[in-house]
Amino acid sequence: MKNLLITLSVLACIKFHAQSIDLKWSDQFIYDNKLDGFFDYYIGTNGNNIYARFSDLSMRGGGNNKIKIIAFDKTTMKKVGETNLKGYSKSKKKDEYDYYQSIILDDIIYVLWTKTEKKIVELYAQSFDAKLKKLNPLKKIYEVNRSKEGTDNLIVLYNKDIDDKIFIGKEYAITKDDENLKIEYKFLNADFSLVSSKQVTLPILITKRRRGLFRSAGSINDLIASYELGNDGNLYVQEMVKVSDEEKKSLKKGEASVYPHIMQVQLETGRTQDFKLKFPKKNTFNFSSLVTKDGIKLYGFFSDLDKDEKGNDTHGTFFISLDSKNLKTRDMKFSYFDKAFLDQLYAADKENQKKGRGLFKSKKAKASDEESIDDNYKIEKVMEDKNDIVLFCSIMKNWQRTVCTSNGRGGGQTCNTYYYCTKSNVTAFKLNPKGDIMWAKNLDRSITYPRWNVYDLNVIKTDNNYYVTYGSAFQLNSKKK
C-alpha cells in the first residue's frame with residue numbers, strides 16, 4: 001500500500017478587527033501518515049505558543065498508533081518544539097495507555113492518559129514545559145469505577161485565570177431511577193498531588209427514561225451535564241431540562257420541550273443554586289457563559305415563535321446578566337438579525353445566502369429564513385473586549401456513515417459505523433454591555449473531522465485584534481473562497 005502523503009498548512013489564523021479580516025497561514029509541512037502522522041486538531045494556546053496534536057488517523061477504526069504534539073510561536077507561526085507521545089518507541093510491547101486530553105497553561109503542559117482495567121479506569125498524567133521538554137514522568141492520579149450496573153463519568157477542568165490547579169472529578173454512576181446526580185471533585189497540583197476532596201448532590205433528577213440513555217454506554221466520557229470552572233472560583237454546571245409529560249400538555253405550538261439550565265456550585269461549601277433559561281414565546285439554545293468576579297453573563301441564540309411557528313429558526317442573540325451571589329437577573333436583551341445585516345455578513349459566502357429560498361415555503365416562512373442564520377451554529381469562544389463581548393461561532397453538523405463489506409461466500413458481512421463532524425464558517429459577533437450587536441464578521445471555511453462534536457476554534461487577543469486558529473480543508477491559494 002502506498003503511503004498517505006498529506007500537504008498541510010498547520011495553522012490558519014484570522015485577524016479580526018472592526019473593519020476587515022486578515023488571514024495568515026503558517027509554513028506548509030508535508031507529513032507521511034505511516035511515519036509521522038498528520039494534523040488532527042488544535043489543543044490550545046498560552047502566552048507565547050499555539051499547540052496542535054498530530055496522529056496517524058486510522059482509516060480502519062483501529063485508533064491512533066502514533067501521537068505527537070507540536071508547538072508553534074503564535075506571532076511568527078514557526079515551529080518551536082515538539083514531543084512524541086505514543087508509538088515512536090522501537091519497543092514492540094503493547095501500549096496500555098490511551099490518550100485522553102492535553103491541558104495548556106502558560107508554564108506547564110499536562111498530558112492525560114487512561115488505562116482500562118476490569119472494573120476501573122485509571123487516569124495518568126505527565127507534564128512538559130512550554131517548549132515541550134519533559135518535566136514530570138507518567139504517574140497515576142485518579143480512577144473511576146466501571147461496571148455493568150453503571151460507569152462513573154470523568155470530569156477534567158482548568159481555568160488559566162485562577163492558579164494552575166487542575167479540577168479532577170467524576171459524576172457518580174446512576175444505578176437507581178429518580179435519584180439526583182452526585183459528583184466528586186479534587187484539585188491536582190503541579191507535583192501531581194491531589195487536595196480538597198468533596199462530594200456534592202446536584203439538583204439534576206435522573207428519571208427512568210433519562211437513566212436509560214446512559215445505562216449501557218460504558219464510557220467514562222458520557223457526561224450527563226457540562227461543567228465550567230469560573231473566574232470567581234465556583235463550578236458552573238449546564239444541562240438541558242426536558243419538561244414532564246404533564247407540562248408538555250400546556251406547551252404552545254413550536255415551544256421547545258427542552259430548555260437550558262445552569263447551576264452554580266460553591267466549591268468550598270458545596271452549596272448550589274440554579275437559573276433556568278426559559279422565556280415566553282422564545283426558544284433558547286446553544287448558550288455560553290462568561291463568569292467574572294463581578295457577575296455572570298449568559299450569551300446564546302434564540303428563536304422567536306411569532307416569526308417561526310416551528311421554533312427552529314435562529315433569529316438573533318440573547319444576553320442575560322446575573323448576580324453571582326443569588327443568580328438573580330440584572331439585565332436581559334434579545335437582539336434580532338435583519339436581512340440587510342445578514343446580506344452584508346454573508347456577502348462572500350454563497351452557501352449561507354440560500355436561506356429564504358424554496359418553492360413550497362410560505363411567505364412568512366421565507367421572511368423568517370431571511371432574518372435568521374444557520375440553525376447549527378455553535379458558540380465556541382466568548383472573549384471580553386473591555387466592556388464589550390465578542391462571540392466566536394461556527395457551524396457544526398454531526399453525521400455518520402455505515403460501511404459494510406462481504407466476508408466471502410456464505411460468510412455474511414461486517415459493518416462498521418464511522419462518525420464525522422463537518423465544521424464550516426468562522427463567525428464573530430461583537431456585543432456592547434447592553435447586548436446590542438455592534439458588528440459581525442464571517443469567514444468561509446470547511447473541514448470534516450473523524451468524530452462528533454469537535455470544537456476547533458482557539459482565540460488569542462492582542463491589543464485591538466483577535467487571532468483565531470481553526471481547521472480548514474480549503475486550499476491556501478484558492479481564489480474562489
Which pair of heavy atoms, one from [X] and one from [Y], lies closest together, and at what distance?
| X | Y | result |
| --- | --- | --- |
| Thr314 | Phe285 | OG1-CE1, 3.6 Å |
| Ser102 | Ile69 | OG-CD1, 3.4 Å |
| Cys393 | Phe301 | SG-CZ, 3.9 Å |
| Phe319 | Ser321 | CZ-CB, 3.8 Å |
| Cys421 | Met396 | SG-CG, 3.5 Å |
| Ile43 | Ala52 | CD1-C, 4.0 Å |

Between [X] and [Y], does at least one N-O distance fall below 4.0 Å, as a salt bridge requires?
| X | Y | value |
| --- | --- | --- |
| Glu117 | Lys115 | yes |
| Arg445 | Asp456 | yes |
| Asp385 | Lys430 | yes |

Could you state the interatomic distance from [atom1] ([X]) to [atom2] ([Y]), rounded to the nearest 0.5 Å?
| X | Y | atom1 | atom2 | result |
| --- | --- | --- | --- | --- |
| Gln199 | Tyr185 | CD | OH | 10.0 Å |
| Ile395 | Ser446 | CD1 | OG | 9.5 Å |
| Ile67 | Leu85 | CD1 | CG | 6.5 Å |
| Ile174 | Leu181 | CD1 | CG | 5.0 Å |
| Lys297 | Leu322 | NZ | CG | 11.5 Å |
| Ile183 | Tyr227 | CD1 | OH | 5.5 Å |

Tell me if a side-chain donor or acceptor on [X] pairs with a main-chain N or O of [Y] at a distance below 3.5 Å.
| X | Y | answer |
| --- | --- | --- |
| Asp106 | Gly47 | yes |
| His261 | Val241 | no |
| Asp152 | Asn145 | yes |
| Ser193 | Asn189 | no |
| Asn136 | Gln126 | no |
| Asp308 | Asp313 | yes |

Contact check, side chains of [X] and [Y], non-hydrogen atoms, under 4.5 Å:
| X | Y | value |
| --- | --- | --- |
| Glu171 | Ile155 | yes |
| Thr402 | Asn416 | no |
| Leu305 | Asn283 | yes |
| Phe429 | Ser335 | no |
| Tyr158 | Phe167 | no |
| Lys86 | Asp98 | yes |
| Ile320 | Phe287 | no |
| Lys198 | Leu267 | no |

Within 6.0 angstrom of [X] [atom1], more than 12 heavy atoms from elsewhere:
| X | atom1 | value |
| --- | --- | --- |
| Asn387 | CG | no |
| Asn312 | CG | yes |
| Lys278 | NZ | yes |
| Gln400 | CD | yes |

Checking Lys276 against Asp274 for the salt bridge (charged side-chain N to carboxylate O under 4.0 Å, His left out) test, could you report, in this order, the C-alpha distance in whole Å, the side-chain angles of both residues, the deciding distance, and whether it holds? CA-CA 7 Å; Lys276 295 179 174 63; Asp274 67 324; 3.1 Å; yes
Applying side chain to side chain donor-acceptor pair (under 3.5 Å), which residue pairs with at least one partner in residues 389-399 are found, sequence neighbours left out? Glu380-Ser394, Ser394-Lys423, Asn398-Asn453, Trp399-Thr422
Tabulate below the donor-acceptor pairs under 3.5 Å that side-chain atoms of residues 228-238 make, not counting sequence neighbours, or state none.
{"unit_1": "Glu228", "atom_1": "OE1", "unit_2": "Ser289", "atom_2": "OG", "d": "2.5"}
{"unit_1": "Asn231", "atom_1": "OD1", "unit_2": "Asn159", "atom_2": "ND2", "d": "2.8"}
{"unit_1": "Asn231", "atom_1": "ND2", "unit_2": "Asp161", "atom_2": "OD2", "d": "3.4"}
{"unit_1": "Asp232", "atom_1": "OD1", "unit_2": "Asn234", "atom_2": "N", "d": "3.1"}
{"unit_1": "Asp232", "atom_1": "OD2", "unit_2": "Asn234", "atom_2": "ND2", "d": "3.2"}
{"unit_1": "Asp232", "atom_1": "OD2", "unit_2": "Tyr236", "atom_2": "OH", "d": "2.6"}
{"unit_1": "Tyr236", "atom_1": "OH", "unit_2": "Gln264", "atom_2": "NE2", "d": "2.8"}
{"unit_1": "Gln238", "atom_1": "NE2", "unit_2": "Ser289", "atom_2": "OG", "d": "3.4"}

Tell me, please, whether Phe334 has Lys282 positioned over its six-membered ring: NZ or CZ under 6.0 Å from the ring centre and within 45 degrees of its axis? yes
Can Lys66 be said to sit on top of Tyr88's aromatic six-ring, NZ or CZ under 6.0 Å from centre and within 45° of the ring axis? yes
How are the rings of Tyr110 and Phe192 set relative to one another: parallel (under 30°), tilted (30 to 60°) or perpendicular (over 60°)? tilted
Side chains of [X] and [Y], donor plus acceptor under 3.5 Å:
| X | Y | answer |
| --- | --- | --- |
| Glu179 | Tyr172 | no |
| Tyr51 | Asn46 | yes |
| Thr292 | Asp294 | no |

If you apply the rule side-chain contact (heavy atoms from CB on, under 4.5 Å), what do you find for Glu82 with Phe54, and how did you get there? CA-CA 10 Å; Glu82 72 176 87; Phe54 290 73; over 6 Å; no
Start with the C-alpha gap between Tyr259 and Leu277, add the side-chain angles, then the distance that decides, and say whether side-chain contact (heavy atoms from CB on, under 4.5 Å) holds. CA-CA 6 Å; Tyr259 58 89; Leu277 284 78; 5.8 Å; no
Out of Asn458, Val382, Ile379, Leu457, which one pairs with Phe392 under the side-chain contact (heavy atoms from CB on, under 4.5 Å) rule? Leu457
Kindly indicate, with the supporting measurements, whether the criterion side-chain hydrogen bond (donor to acceptor under 3.5 Å, both in side chains) is fulfilled by Thr427 and Asn442. CA-CA 4 Å; Thr427 310; Asn442 179 69; 2.6 Å; yes
Phe302/Tyr336 aromatic ring centres below 6.0 Å: yes
Looking at Tyr124, Tyr100, Tyr97, Tyr99, which one forms a ring pair (Phe, Tyr, Trp, His ring centres under 6.0 Å) with Trp113? Tyr99
For side-chain contact (heavy atoms from CB on, under 4.5 Å), just list the numbers for Ile204 and Asn180, CA-CA rounded to whole Å, side-chain angles, deciding distance to a tenth of an Å, and then say yes or no. CA-CA 5 Å; Ile204 299 178; Asn180 283 75; 5.5 Å; no
Is there a side-chain contact (heavy atoms from CB on, under 4.5 Å) between Thr45 and Lys74 once you walk through the steps? CA-CA 8 Å; Thr45 67; Lys74 71 180 186 182; 5.5 Å; no
With sequence neighbours left out, write down each residue that passes side-chain hydrogen bond (donor to acceptor under 3.5 Å, both in side chains) with Lys328, or none if nothing qualifies. none
